[in-house]
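For reference, the structure discussed in these notes is given below.
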2 protein chains.
Amino acid sequence: MKLTAKSKGPSRARAPVPDDVHVPGDCRRVSTVLARVGEKWSVLVIMLLRRGPERFNAIKRATNGIAQQMLTRTLKGLERDGLVTRTVFATVPPQVEYALTPLGHSLSGPVQALGLWALDHIPQIERARERFDEE
Amino acid sequence: MKLTAKSKGPSRARAPVPDDVHVPGDCRRVSTVLARVGEKWSVLVIMLLRRGPERFNAIKRATNGIAQQMLTRTLKGLERDGLVTRTVFATVPPQVEYALTPLGHSLSGPVQALGLWALDHIPQIERARERFDEE
DNA sequence: CGGTATCCAGGAAGATACTG
DNA sequence: CAGTATCTTCCTGGATACCG
């Protein structure tokens, strides 16, 4: 979403450029990133990996409660987006290390900002929810 | 995500993280905010309302393609979190105006930062996805 | 105009069992 | 250790119809 822009109507209609730029295509693509951030475990893993590479079970322990397959899926999603690398060492038993890519590190900045905002305002949000739910 | 209070069932989405050791309670609460941001339409509506209050159908037109009920749900969720206000004018036909609260305005900052990051890095992410999907 | 009420498809999250 | 394979629940998003 062009974050300062106004929608103009059906994207198939035409493309007369208005006073500001709203590109529906960009909008859709940005939302795939927001969706990734909104996933339950993705951000937790990203923040964890900021401190350095970790092995599968170390991440699992650190996230405390994630189902094994959910962690597999989460890591695969992050790897697919180029946010995390997966390195297999041919040892016995096998050892797999996950690490943030530069892209992943770069994402962790804005995500951290959002997280800090949330920490700051969660009491206010939770009060609003309670008030709303009372009716 | 269902942002209604405490789910206890073991098989619910967004099951509670155990209260003990490694995951601080704040983590869980932050993730409810991230989940809201990850919803398909929430951020779009927030960004739209930054420029000023809008009526229901104006938002609907601007978001271009949202189903009416999805907009109702989205707005209700934002209202519940105290991010948006809903004002009904007793006119004929009825007129309902939605506006960002100060809390909503405040959230739009970090969200915009994340959106700009996404715009900047989407090509890189999409290339990574294509590469990954080739195998 | 601005909603509810239904119903539906798809997928996210999870529990559990098995494997190289 | 680090995964797959299966099966289940139920949430998200959406389509459609009706209402005050």
Side-chain angles (χ1 to χ4, degrees), chain A residues 27-28 31-32 34-45 53-81 84-99 135, chain B residues 1-18 23 28 31-32 34-45 53-80 84-99:
Chain A
C27 223
R28 187 187 50 73
S31 81
T32 69
L34 298 184
R36 173 78 67 210
V37 168
E39 281 171 17
K40 186 167 178 179
W41 301 102
S42 296
V43 160
L44 194 52
V45 170
E54 293 276 12
R55 295 176 61 179
F56 185 89
N57 273 317
I59 301 174
K60 185 164 183 287
R61 275 188 301 276
T63 46
N64 185 37
I66 190 171
Q68 192 161 7
Q69 192 176 28
M70 272 313 302
L71 181 55
T72 300
R73 282 183 215 163
T74 299
L75 288 168
K76 201 160 277 179
L78 295 174
E79 191 195 354
R80 177 170 183 266
D81 284 2
V84 154
T85 58
R86 174 177 180 274
T87 310
V88 183
F89 298 97
T91 57
V92 177
Q95 181 171 344
V96 182
E97 199 176 77
Y98 292 91
E135 282 114 55
Chain B
M1 168 181 193
K2 189 67 157 237
L3 293 161
T4 39
K6 34 227 123 195
S7 45
K8 302 221 162 164
S11 64
R12 295 182 69 90
R14 297 280 173 183
V17 177
V23 177
R28 277 170 294 160
S31 83
T32 68
L34 298 183
R36 173 76 71 209
V37 168
E39 281 171 17
K40 186 165 180 182
W41 301 102
S42 296
V43 161
L44 193 53
V45 170
E54 292 275 11
R55 294 178 60 179
F56 185 89
N57 274 316
I59 301 173
K60 185 164 185 285
R61 276 189 302 275
T63 46
N64 185 35
I66 190 174
Q68 190 162 12
Q69 191 176 30
M70 274 312 302
L71 182 54
T72 299
R73 282 185 215 164
T74 299
L75 289 168
K76 202 160 278 183
L78 296 175
E79 193 194 352
R80 178 171 183 265
V84 155
T85 58
R86 176 177 179 273
T87 310
V88 183
F89 298 97
T91 58
V92 177
Q95 180 171 344
V96 182
E97 200 177 77
Y98 292 90

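Letters A, B, ... are given to chains in the order of the sequence lines, protein chains preceding strands, and every chain is numbered from 1.
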Task: Test side-chain hydrogen bond (donor to acceptor under 3.5 Å, both in side chains) applied to Q68(B) - qualifying residues, sequence neighbours left out - done: none
TODO: Would you mind reading off the bend of the helix from dC1(C)-dG20(D) to dG20(C)-dC1(D) from its two end axes, five pairs each, to 10 degrees?
DONE: 50°
Open item on the list: Show, in sequence, the C-alpha distance, side-chain angles and deciding distance for L71(B) and W41(B), and conclude whether the side chain to side chain contact (heavy atoms under 4.5 Å, CB included) test is met.
Closed with: CA-CA 8 Å; L71(B) 182 54; W41(B) 301 102; over 6 Å; no
TODO: List in chain and number order the residues that pass side-chain contact (heavy atoms from CB on, under 4.5 Å) with V92(A), two or more places apart in sequence or in another chain; answer none if no residue qualifies.
DONE: none
TODO: Could you check which of dG14(D), dG3(C), dA13(C) has an atom nearest any side-chain atom of E39(A)?
DONE: dA13(C)
Open item on the list: Could you tell me how far apart R28(A) (CZ) and dG13(D) (P) are, to the nearest whole angstrom?
Closed with: 16 Å
Task: Among dA2(D), dG14(D), dG2(C), the one nearest Q95(B) by side-chain distance - done: dG2(C)
- [ ] Would you please name every residue forming a side-chain contact (heavy atoms from CB on, under 4.5 Å) with V37(B), sequence neighbours left out?
- [x] L34(A), L114(A), V43(B), V111(B)
Open item on the list: Side-chain N or O of K60(A) versus OP1/OP2 of dC1(D): is the shortest distance under 4.0 Å?
Closed with: no
Task: Options dG14(C), dG14(D), dC1(D), nucleotide nearest the side-chain atoms of W41(B) - done: dG14(D)
Task: All side-chain hydrogen bond (donor to acceptor under 3.5 Å, both in side chains) counterparts of R55(B), not counting sequence neighbours - done: none
Task: Separation of dC1(D) P from E54(A) CD (nearest whole Å) - done: 14 Å
- [ ] Tell me, please, which residues at least two apart from R73(B) pass side-chain contact (heavy atoms from CB on, under 4.5 Å).
- [x] Q69(B), M70(B)
TODO: Applying side-chain contact (heavy atoms from CB on, under 4.5 Å), name anything that partners A99(A), two or more places apart in sequence or on another chain.
DONE: P53(A), T85(A)
Task: Over all atoms of both residues, closest heavy-atom pair of L44(B) and C27(A) - done: CD1-SG, 3.8 Å
Task: Phosphate OP1/OP2 of dT4(D): any K76(A) side-chain N/O under 4.0 Å - done: yes
Open item on the list: For a quick test of reading the model, state the closest non-hydrogen atom pair linking I66(B) to T63(B) and the distance between them.
Closed with: CG2-OG1, 3.1 Å
- [ ] Grab the CG-C1' distance between L75(A) and dA2(D) for me, whole Å please.
- [x] 11 Å
Is there any protein nitrogen or oxygen under 3.5 Å from a nitrogen or oxygen in nucleotides 5-7 of chain D, and what are the pairs?
| residue | atom | partner | partner atom | Å |
| --- | --- | --- | --- | --- |
| dA5(D) | N7 | Q69(A) | NE2 | 3.4 |
| dA5(D) | N6 | Q69(A) | OE1 | 3.1 |
| dT6(D) | O4 | Q69(A) | OE1 | 2.5 |
| dT6(D) | O4 | Q69(A) | NE2 | 3.3 |

Open item on the list: Rounded to whole Å, please give me the gap between CG in L71(A) and C1' in dG14(C).
Closed with: 13 Å
Open item on the list: In this structure, how many angstroms lie between the C1' atom of dG3(C) and the CD1 atom of I59(B), rounded?
Closed with: 13 Å
TODO: Name the nucleic acid region contacted by Y98(B), choosing base, sugar-phosphate or nothing; use a 4.0 angstrom heavy-atom cut-off, strictly under.
DONE: sugar-phosphate
Task: Nearest to side-chain heavy atoms of F56(A), which nucleotide of dA2(D), dG14(D), dG2(C) - done: dA2(D)
Task: Full working for side chain to side chain contact (heavy atoms under 4.5 Å, CB included) between Y98(B) and R86(B) - done: CA-CA 5 Å; Y98(B) 292 90; R86(B) 176 177 179 273; 3.3 Å; yes
Task: Partners passing salt bridge (charged side-chain N to carboxylate O under 4.0 Å, His left out) against R36(A) (at least two apart in sequence or in another chain) - done: E39(A), D81(A)
Task: Spacing of E97(B) atom CD relative to dG2(C) atom C1', expressed in whole Å - done: 14 Å
Task: Residue pair P94(A) / V88(A), side-chain heavy-atom distance below 4.5 Å - done: no
TODO: Could you check how far CG of L44(B) sits from P of dG13(D), rounded to whole Å?
DONE: 12 Å
- [ ] Send over the distance from M70(B) CE to dT6(C) P, rounded to a whole Å.
- [x] 19 Å
Give each protein N/O atom lying under 3.5 Å from an N/O atom of nucleotides 18-20 of chain C, with the pair distance.
none

